Number of protein chains: 2
Amino acid sequence: MTDEEKAKYFQVALCSSLVLFGFDGEDLKILVYRKLNDPFKGGLVLPGKFIGVTDSNDQAIHELLIEKIAYDEHQTYIEQLKAFTKVFRNPLGRVINVAYYALVKLTPQIEEKVKAQGGEWYAYDRIPDLAFDHNEIVQYAKERVKRRVKRRPVGFNLLGDEFTIAQLQSLYEKALNRELDKRNFRKKIFNSNLIIETGNTTDPKQHRKVSKLYRFDEEKYEKLSLKGYDFLF
Amino acid sequence: MTDEEKAKYFQVALCSSLVLFGFDGEDLKILVYRKLNDPFKGGLVLPGKFIGVTDSNDQAIHELLIEKIAYDEHQTYIEQLKAFTKVFRNPLGRVINVAYYALVKLTPQIEEKVKAQGGEWYAYDRIPDLAFDHNEIVQYAKERVKRRVKRRPVGFNLLGDEFTIAQLQSLYEKALNRELDKRNFRKKIFNSNLIIETGNTTDPKQHRKVSKLYRFDEEKYEKLSLKGYDFLF
DNA sequence: CCAAAAGTGTTCATGGTACACCCATGT
DNA sequence: ACATGGGTGTACCATGAACACTTTTGG
């Protein structure tokens, strides 16, 4: 490649945005921020950042997660969606957005950090108009999550160490955007043998009736996923 | 964004590579080229090209398909895989590869064009060592195709207007990398109601016994795919 | 007459879906 | 007493998997 050609092609900027799905035990929601500077100052956008020429995208997403939500690496599922490459998606010039999504369980610490950073949560099915092509990215992310949730137990990343079956079901209903039968749901979940009773129960003060708490059996999942295990739904 | 920052970030190059799957009625194979210049001169690579600052990736892939195989737009399935973004994947500098795959049925015209361009086909399960991270891209493409083929009748893009059930089965066996039962396969295919008998048969000179030819019912597929139809396998 | 490929049904196991009531507790 | 949410079992149907023989025809 000639120097002339190099000058011609090496003019693109790279950024990564993150569709962060959070679940608080009841609602599934997505994190957005209000832009403080141009372009699209005041508009809502996904968390994201430009990537330096010698920086990795994966690393940038990790940094973003630490900055924005002080996340726990081991409990977070992260995956690249795809590149969004439209020529005029950013008025600054040609910017390629390599978008990711992540699944996290929301804790009071995260909620606090998000508030301090000025982040806003929007319900999974009520996403407002976002700047750039970010609505397109969110749409794509939602479809990907829907598919993933059907085949791999990624949903567990959105729940705390301990959870009730009702919480798990609620999560699946939100992600799949349809209601599920309680008995059938329990049957599937227990047949998968991927969850373990912890022996604990919910706090009797919070609900009329206490319910059993479960946790995800990661060890069993590791074994199963080696041979291309399909989850359910 | 300051000019300084602009100068810092707008230094990346963008390219797209294509994993082209071709099926000739018997074998499923992938197209590669030998590099004529540095870096990795003499090495095997996927077809690909750099993307100009104001050019679209999709358009570039179309151009690539026309250049390399003189393809028929309507009979070709194309989809973005993802961005390959490792920092040091290209010695020229930071180059992001937004990779695609395409499925085409091979015709004598295509074979001729490929030969004229110096292209080489390699069987789906015998891909040689490629330059850059192209083996990784191929691997990713194979997994994507495997999944797609299970759920959507993309396989039809790899077959001519008319095909025998045996050819269709052979294609699925190659893509899924396992043998399928002939009777079960026919049952599934016919139950899907997505293929139509054309009334024609294979040339009696070519085989011991003639067999019926079928075609894909695109109209019916359009209707089904509107409501998130799942194919089979 | 034999090798090669086309074509054809049945049985069984599994998993999905539909569906309704009792229990414990807090108000 | 009643409202709220936790917990439980059965029957039917659709789909997937296993499995063997007959037919045609070219060599």
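No experiment lies behind these values; they were computed from the predicted model shown. Values reported hereafter were calculated over all heavy atoms of this structure, with side chains retained and with hydrogens, waters and symmetry mates removed.
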Which whole-number value in Å describes the distance from [X] [atom1] to [N] [atom2]?
| X | N | atom1 | atom2 | value |
| --- | --- | --- | --- | --- |
| A:Arg151 | C:dG15 | CZ | C1' | 14 Å |
| B:Asn200 | C:dA6 | CG | C1' | 17 Å |
| B:Asp203 | C:dA6 | CG | C1' | 16 Å |
| A:Gln169 | C:dT17 | CD | P | 13 Å |
| B:Phe163 | C:dA5 | CZ | P | 20 Å |
| B:Ile165 | C:dA6 | CD1 | P | 10 Å |
| B:Glu197 | C:dA6 | CD | P | 15 Å |
| B:Phe185 | D:dA18 | CZ | P | 16 Å |

For nucleotides 23-27 of chain C, which of its nitrogen or oxygen atoms have a protein nitrogen or oxygen under 3.5 Å away, and what is each distance?
residue	atom	partner	partner atom	Å
C:dC23	O2	A:Lys209	NZ	3.0
C:dT25	O4'	A:Arg208	O	3.1
C:dT25	O3'	A:Arg208	O	3.2

### Task
Kindly state whether the ring of B:Tyr221 and the ring of B:Phe156 have centres lying under 6.0 angstrom apart.
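Judged by ring-centre distance (under 6.0 Å), B:Tyr221 and B:Phe156 do not meet the cut-off.
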Report each atom pair, protein N/O against N/O of nucleotides 8-16 of chain D, whose distance is under 3.5 angstrom.
residue	atom	partner	partner atom	Å
D:dT10	O4	A:Lys187	NZ	3.1

### Query
Would one find more than 12 heavy atoms of other residues, nucleotides or ligands at under 6.0 Å from atom CD of A:Glu63?
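Yes, because the 6.0 Å sphere around CD of A:Glu63 holds more than 12 heavy atoms from other groups.
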### Message
Taking the cut-offs as 6.0 angstrom to the six-membered ring centre and 45 degrees off its axis, would you call B:Lys82 and B:Tyr140 a cation-pi pair?
### Response
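Judged by the rule, B:Lys82 and B:Tyr140 form a cation-pi pair.
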#### Entry: Distance under 6.0 Å and angle within 45° of ring axis: A:Lys29 vs A:Phe21
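A:Lys29 over A:Phe21 ring: no.
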### Message
Looking at B:Gln80 and A:Ala83, would you say the former's side chain and the latter's main chain have a donor-acceptor pair under 3.5 Å?
### Response
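A pair under 3.5 Å: yes.
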### Message
Between the side chains of B:Asp161 and B:Lys105, is the shortest nitrogen-to-carboxylate-oxygen separation below 4.0 Å, so that they form an ion pair?
### Response
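Result for this pair is yes, salt bridge flagged.
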### Query
Are any of the side-chain nitrogens in A:Arg34 or A:Glu120 under 4.0 Å away from the carboxylate oxygens of its partner?
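Result for this pair is yes, salt bridge flagged.
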Residues 210-218 of chain A side chain polar contacts: donor-acceptor under 3.5 Å, at least two apart:
residue	atom	partner	partner atom	Å
A:Asp217	OD1	A:Glu219	N	3.3
A:Asp217	OD1	A:Lys220	N	3.1

### Query
What are the two closest heavy atoms between A:Ser16 and A:Tyr100, and how far apart are they?
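For A:Ser16 and A:Tyr100, the tightest heavy-atom pair comes out as OG-CE1, 3.7 Å.
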